[in-house]
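Note that the coordinates shown come from a computational prediction; the quantities given were computed from them, not determined experimentally. Residue numbers start from 1 in every chain, and the chains themselves are labelled A, B, ... in the order their sequence lines are given, proteins ahead of strands.
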Amino acid sequence: MPELPEVETTCRGITPHVLCSPILSVIVRDSRLRWPVPDDLSASLTGGEFARIERRAKYLIFHHTRGFLIAHLGMTGSMRIVSPQEPARPHDHIDIGFANGVVLRYHDPRRFGSFHWVEGAVLSHPLLNSLGPEPLSSEFTGRYLHDRARGRSQAVKLFIMDAKIVVGVGNIYANEALFAAGIDPRRAAGRISLARYDHLAQHIKRILTYAINRGGTTLRDFVGGDGKPGYFAQELHVYGRGEKPCTACDEPLRETRLGQRATVFCKRCQN
DNA sequence: ATGCGGACCTGTTAGC
DNA sequence: TGCTAACAGGTCCGCA
């Protein structure tokens, strides 16, 4: 389940292997992703090359000679670099083959991911044009959150997971950041002080940055391996630890649901 | 505009 | 042991 650090790690991991090499072939074994893979994806890509790959939110944007490939990894998507001889495994849905002899292979068991081809202004694409700021940008601050939260009754956890507010904060990191900031995930977003939002924004940045740096140690996995950076479950304070003792006060952690997602917090440490 | 539930999908885990 | 059911979660969509 790629969150922002995994997507960033994927971007950095595949970039050196696929940049500036002509695309020779595109194989779509299964076009049934979240949205159907465009029929003409191969025609669009073949013959051109990628000049740059960037991440925006959890999307990967491939700058191509003639346009842009936008890819999302969904819940279970991953990309890895393989040789053309490497037999495709189950759920290996898309291959992009390059003149330099490598294949970029997309793997996605649940098929929640998606591939889009766009020409023209890529950031105007409907999937990208209403996204909030990047959490690691200078634009993302406690003051920004505080301003956007004015008058909102929505639970703060759902608020920070809303991509229109800020991108890239998935369920795991939302749980962890709220614990670190000592904020009850159920609290109404509009009833949190600026000082507390300052702390929350800082913790979101700290946790995401840490995870990205840790992801860097698994970059080699993008060649030949399964391309899955993986989590460091032993470093999570609340996610997946319902009923276990709080790492700060030993009180059993409470587990509930917010927006149909697992929400874990400490009733004593978070309010 | 905001907020919420439903839908998508399948590997893994829990329960009978 | 074998089968079925629940669960996991990012994101878009549609409705209130």
Distance in angstrom units between [X] [atom1] and [N] [atom2], rounded:
X        : N      : atom1 : atom2 : value
A:His91  : B:dT10 : NE2   : P     : 8 Å
A:Asp108 : B:dT10 : CG    : P     : 10 Å
A:Leu33  : B:dC8  : CG    : C1'   : 12 Å
A:Asp30  : B:dC8  : CG    : C1'   : 14 Å
A:Asn171 : C:dC7  : CG    : P     : 15 Å
A:Met75  : C:dT11 : CE    : P     : 10 Å
A:Leu258 : B:dG3  : CG    : P     : 13 Å
A:Ile165 : B:dT2  : CD1   : C1'   : 10 Å

Taking A:Asp92 as the fixed residue, which of A:Arg80, A:Arg29, A:Arg111 is the one that meets the salt bridge (charged side-chain N to carboxylate O under 4.0 Å, His left out) rule?
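Looking at A:Arg80, A:Arg29, A:Arg111, the match for A:Asp92 under the salt bridge (charged side-chain N to carboxylate O under 4.0 Å, His left out) is A:Arg80.
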
Passing candidate, side chain to side chain donor-acceptor pair (under 3.5 Å) with A:Asn171, options A:Glu176, A:Lys157, A:Arg261:
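It is A:Lys157, the one option of A:Glu176, A:Lys157, A:Arg261 that forms the side chain to side chain donor-acceptor pair (under 3.5 Å) with A:Asn171.
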
Any salt bridge (charged side-chain N to carboxylate O under 4.0 Å, His left out) involving residues 190-199 of chain A? Give me the pairs, sequence neighbours left out, ordered by first then second residue.
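Passing the test, one end in residues 190-199 of chain A: no pairs.
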
Listed pairs under 3.5 Å, donor-acceptor, residues 55-69 of chain A side chains, sequence neighbours left out:
from, atom 1, to, atom 2, distance (Å)
A:Arg55, NE, A:Glu8, OE1, 2.6
A:Arg55, NH1, A:Ala57, O, 2.9
A:Arg55, NH1, A:Glu134, OE1, 2.9
A:Arg55, NH2, A:Glu134, OE1, 3.1
A:Arg56, NH1, A:Gly132, O, 3.2
A:Arg56, NH1, A:Glu134, OE2, 2.9
A:Arg56, NH2, A:Leu131, O, 3.4
A:Arg56, NH2, A:Gly132, O, 2.8
A:His63, NE2, A:Glu54, OE2, 2.7
A:His64, ND1, A:Arg66, N, 2.9
A:His64, NE2, A:Leu45, O, 2.9
A:Thr65, OG1, A:Glu49, N, 2.8
A:Thr65, OG1, A:Glu49, O, 3.1
A:Arg66, NH2, A:Ser44, O, 2.7
A:Arg66, NH2, A:Thr46, O, 2.8

Only one of A:Val166, A:Ile160, A:Thr209 passes side chain to side chain contact (heavy atoms under 4.5 Å, CB included) with A:Pro135; say which it is.
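The option that passes is A:Val166.
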
What do you reckon, is CG of A:Asp40 surrounded by more than 12 foreign heavy atoms closer than 6.0 Å?
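Enclosed.
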
Between A:Val264 and A:His237, is any pair of side-chain heavy atoms under 4.5 Å apart?
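Heavy-atom side-chain distance check fails, nothing below 4.5 Å.
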
Any side-chain heavy atom of A:Asp184 sitting closer than 4.5 Å to one from A:Phe265?
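In contact.
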
A:Phe112 over B:dC8, stacked by centroid distance under 5.5 Å, angle under 30°
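The ring of A:Phe112 is stacked on B:dC8.
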
Run the ring pair (Phe, Tyr, Trp, His ring centres under 6.0 Å) test against A:Tyr197 and tell me which residues pass, sequence neighbours left out.
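A:Tyr197 satisfies ring pair (Phe, Tyr, Trp, His ring centres under 6.0 Å) with no residue once adjacent residues are dropped.
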
Residue pair A:Lys164 / A:Tyr144: nearest heavy atoms and the distance that separates them
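So the two residues come closest at O-OH, 4.1 Å.
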
Looking only at heavy atoms, what is the nearest atom pair of A:Leu145 and A:Leu200, with distance?
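Nearest heavy atoms, A:Leu145 then A:Leu200: CD1-CD2, 4.4 Å.
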
Would you call the rings of A:His203 and A:His199 parallel, tilted or perpendicular, where under 30° means parallel and over 60° means perpendicular?
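A:His203 vs A:His199 ring planes: tilted.
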
Closest-nucleotide mapping onto DNA chain C: is A:Glu255 or A:Ala57 further toward the 5' terminus? I mean the 5' end.
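Whichever sits nearer the 5' end wins; that is A:Glu255.
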
Look for any protein N or O under 3.5 Å of an N or O in nucleotides 12-14 of chain C and output each such pair with its distance, or none.
from, atom 1, to, atom 2, distance (Å)
C:dC12, OP1, A:Tyr59, OH, 2.6
C:dC12, O4', A:Arg34, NH2, 2.8

A correct dot-bracket answer for DNA chain B, with pairs being Watson-Crick or G-U at under 3.5 Å, [ ] for crossing pairs and | for inter-strand pairs, is .|||||||||||||||

Starting the side chain at C-beta, find the nucleotide from B:dG11, B:dG6, C:dG10 nearest to A:Arg110.
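Comparing B:dG11, B:dG6, C:dG10 against the side chain of A:Arg110, the answer is B:dG11.
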
So, is A:His72 near the phosphate of C:dT11, with a side-chain N or O under 4.0 Å from OP1 or OP2?
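Looking at the OP1 and OP2 atoms of C:dT11, one of them is under 4.0 Å from a side-chain N or O of A:His72.
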
Selection: residues 144-159 of chain A, any non-hydrogen atom under 4.0 Å of DNA chain C
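None, since no heavy atom is under 4.0 Å.
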
